[in-house]
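The structure presented is a predicted model; accordingly, all values stated were derived computationally and were not measured. Side chains are part of it too, since the values below use all heavy atoms of this structure and drop only hydrogens, waters and symmetry mates. Letters A, B, ... mirror the listed sequences (proteins, then strands); counts begin at 1.
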Amino acid sequence: MSEQLALLPGLLTAHLQLALVALALGTLLSVPTGVLVTRRRSLEPGILGVASVLQTIPSLALLAIMVPLLAALGGFTASAFGVELRSIGYLPAIIALTLYSVLPILRNTVTGIEGVDPALSEAARGVGMTDGERLRRVELPLAAPVIVAGVRTAAVWVVGTATLSTPVGAPSLGNYIFSGLQTRNTTAVLVGCAAAALLALFLDQTIRLLESGAAARSRRRWGAAAAVLLALYAYTGASFVAGRASAGARPVVRIGAKSFTEQYILSEMLALQLRRRTGGPAEIVPSLGSTVAFDALRAGDLDVYVDYSGTIFATIMKRTDPFVSREAVLEQVLRFLADEHGIESAGALGFQNTYALGMRADRAAQLGVKTISDLTGAAGTLEIGGDYEFFQRVEWKALEERYGLAFAAQRSMDPALMYEAVRAGDVDVISAFSTDGRIAAYDLVLLEDDRGVIPPYDALVLTGPALEERAPGARAALGALEGAIDEATMQRLNMAVDAEGRSPESVARAFLDGLP
Amino acid sequence: MIELRELTRLYGDTVAVDRLSFRVDAGETLVLVGDSGCGKTTTLKMINRLVEPSSGQILVDGDDVTSVPGHLLRRRIGYAFQAVGLFPHMTVSENVGVTPRLLGWERERIEERVDALLRRVELEPADYRGRWPHELSGGQQQRVGIARALAAEPELLLLDEPFGALDPLTRDRLQRWFQGLRRELSLTVVFVTHDMVEALLIGDRIAVLRAGRLVQVGRPAELLRAPADDRVAELLATPRRQSEVFERLLAREPT
Ligand SMILES: Nc1ncnc2c1ncn2[C@@H]1O[C@H](COP(=O)(O)OP(=O)(O)O)[C@@H](O)[C@H]1O
Ligand SMILES: [Mg+2]
């Protein structure tokens, strides 16, 4: 608990920064647009339509799509204007959250201004106001309570949605939730959710005070609310500047982690190794979306992360043809990464984390199943469970085809539940990840892929083009881990986090300390 | 000096104002009377260009009103709305001082002006300066509206039924006060009312409108002596009829 709470000030500040900046930008964007709409009625369907469509995009997708968009745009701005754009981190998060805040503010601006008594608009003209003066001195002040109500709605949405900034590399309270869910750390999940909820409630109430103060023209009430908001902005602004200043002093190596236990442990391990061997700072960007990490490495926004040869082979190179061998796949992947993207590997860690069919050991023995071929006959009476994407993946199609597998039923489920289900006998076979700690803990066996259908998934330490520049000696430091972790070891490390509740950092440290 | 030439305003098929021409000389007060819907308000709004005419021309001091931007024209012309239209988010003093602020007057000058005007419309500044419009009665709001129209020291004043919501005693006082004020400042005024007593009391000349057209314009005595038609005669007879009723009531009362 205290370990989790220690992270709170940093993550809360980061979360507040995202929410407040997005809200300010959203307001700056939406209020003038709303005014424009009331001045040019013909624009209304188009502009409100675009805002509504933006709102219907699932928030996670809106955030995730910003990364490749910014990477593409960054390539253009870098070559055209020499301006580098960061494709992960604050920028995509801020852009997406800003867009997300547009609709309620825009809609309320339009409603608020349209709701102003026409007699008062005419009186404003009658006393000699220009169009601009009428807007500023009469229409906007009268519409203010309605506009502020829109900002309030947006604030609650943005604070909630900002938790989804974590997968695009912007730290937020979502860090608790994503890593907590993956490492089965309920405390972390609860801390993250509670903090986000309290923050949303706090902003909601503060803005409500602003709204009711504006409606009642109580200068004291809205003054107090405005002072609180200003203080929040001042605080986040100051911490942002402070963060920039300390970050600017020295180049920091940025290490990515996708959102599962193994990745959290490995990123801690790589960070520790770099700090120890190069003496330079290294920072972890946790819980990234799978392709977000790759895009960010390519764009130079990350310097290091661990990916798997089979993932690159299938999802980046989009290869569907049968592979020749583990060595051949590795070689092709490394050549592709270097040639196409300027990405190097500092070495394979020594284990594979592959999809594998797993069964309870006693059940496998009872059925006499050791290899996947042995399953073919029995499959008709068995049920298989897989994670959400498994049954759509090429690996599953290949397994079905090449082994002629036809199970009595197949069920998609959360990876965490999958292991519990096979342990309890609710399903007979699961699509296990071969390094998962629960394989040993739950006494499961992995069936041999005797026809070599599932591609190899060698864990590779991928490094971006700017790594050596940022931390001289880094590649050598990371290269020292080549072959250092076999499958059993990785299972054990995962287990220490998932089942024993140790932190990824302490597990990584203990492992490095134990190396010769 | 205000001059209307063949002024017409259409709203779809409705002719709100129909080829209206008249002159208001400098320092003169012209009262517009006529039934509700006859085009009085529309005429007033065309003079300060809140409404643009469909055709025709308006000259103010010899210049076509379209020769200056509308908002600059309106800052020179005081206007009191029939619906009053005080800004609900501004205090009484902010409402009264709104045009001077637009004109960039010094703060102190505005404050002095606002207080003087509030006193003139019989609202003690110390009590009323900081009030919100919703804290005033209808009559008080009207008085603030008149003060607002006068605030920027205009030479031209357009008043749309300015005393309509006042109780009789206050109306009587303010009518007399207004007579004094407009003479003192030699204001040029177009004054809309449907109250004939008020029209006779305040107007140097009276213009009778019917369905957007000018039926007759002249000094009260001229209209009384030679009404253009029966309906004008009837209209002008209303005050006399009322006073006869009044006299009869008095006579019947035992003393
Ligand atoms: N904005 C408008 N749209 C349509 N018709 C209008 C509008 N303003 C006034 N009118 C019409 O023009 C005519 C004159 O109205 P108005 O000038 O307000 O009359 P008055 O002030 O003499 O009562 C009426 O028939 C009224 O319905
Ligand atoms: Mg009227």
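Residue A/Thr130 holds its OG1 atom at 8.0 Å from CG of B/Leu102, rounded to the nearest 0.5 Å. The CE atom of A/Met129 sits 4.5 Å away from the CZ atom of B/Phe87 when rounded to the nearest 0.5 Å.
Heavy-atom contacts from other residues, nucleotides or ligands closer than 6.0 Å to CD of B/Glu184 number more than 12. In this structure, B/Glu106 places its CD atom where only 12 or fewer heavy-atom neighbours from other residues, nucleotides or ligands lie under 6.0 Å away. Residue B/Glu155 qualifies as open at atom CD: its count of foreign heavy atoms under 6.0 Å is 12 or below. Around CZ of A/Arg39, the count of heavy atoms belonging to other residues, nucleotides or ligands within 6.0 Å exceeds 12. For CH2 of A/Trp222, the number of neighbouring non-hydrogen atoms (other residues, nucleotides, ligands) closer than 6.0 Å is 12 at most.
Between B/Met90 and A/Pro141 the shortest side-chain heavy-atom distance does not fall below 4.5 Å. Annotation: side chain of A/Arg125 is not in contact with side chain of B/His71 (no heavy-atom distance under 4.5 Å). No side-chain heavy atom of B/Arg75 sits less than 4.5 Å from a side-chain heavy atom of A/Val127. By the 4.5 Å heavy-atom criterion applied to side chains, B/Pro88 and A/Leu120 are counted as neighbours.
For B/Arg101 against A/Arg137, the heavy-atom pair with the smallest separation is NE-NH1, 3.8 Å. In terms of heavy atoms, A/Glu122 sits closest to B/Phe81 at O-CZ, 3.7 Å. Residue A/Ala123 comes nearest to B/Gly85 through the heavy atom pair CB-O, 3.5 Å, listed as atom of the first residue, atom of the second, then distance.
Residue contact with chain A, scored on non-hydrogen atoms closer than 4.5 Å, is absent for B/Leu103. With a threshold of 4.5 angstrom between heavy atoms, A/Glu133 approaches chain B through side-chain atoms but not through N, CA, C or O. Using a 4.5 Å cut-off between heavy atoms, B/Pro69 does not touch chain A at all. Residue contact with chain A, scored on non-hydrogen atoms closer than 4.5 Å, involves the side chain of B/Arg148 exclusively. For chain B, no part of A/Ala144 is nearby; none of its heavy atoms comes within less than 4.5 Å.
B/His89 contributes no side-chain N or O that, together with a main-chain N or O of A/Ala215, makes up a donor-acceptor pair within less than 3.5 Å. Counting only distance, with no hydrogens or angles, the side chain of A/Arg217 and the backbone of B/Thr91 share no donor-acceptor pair below 3.5 Å.
Note on A/Gly126, A/Ala119, A/Ala214: by heavy-atom pairs under 4.5 Å with chain B, the leading option is A/Gly126. Counting heavy-atom pairs closer than 4.5 Å to chain A, the top residue among B/Thr99, B/Leu50, B/Leu72, B/Val84 is B/Leu50.
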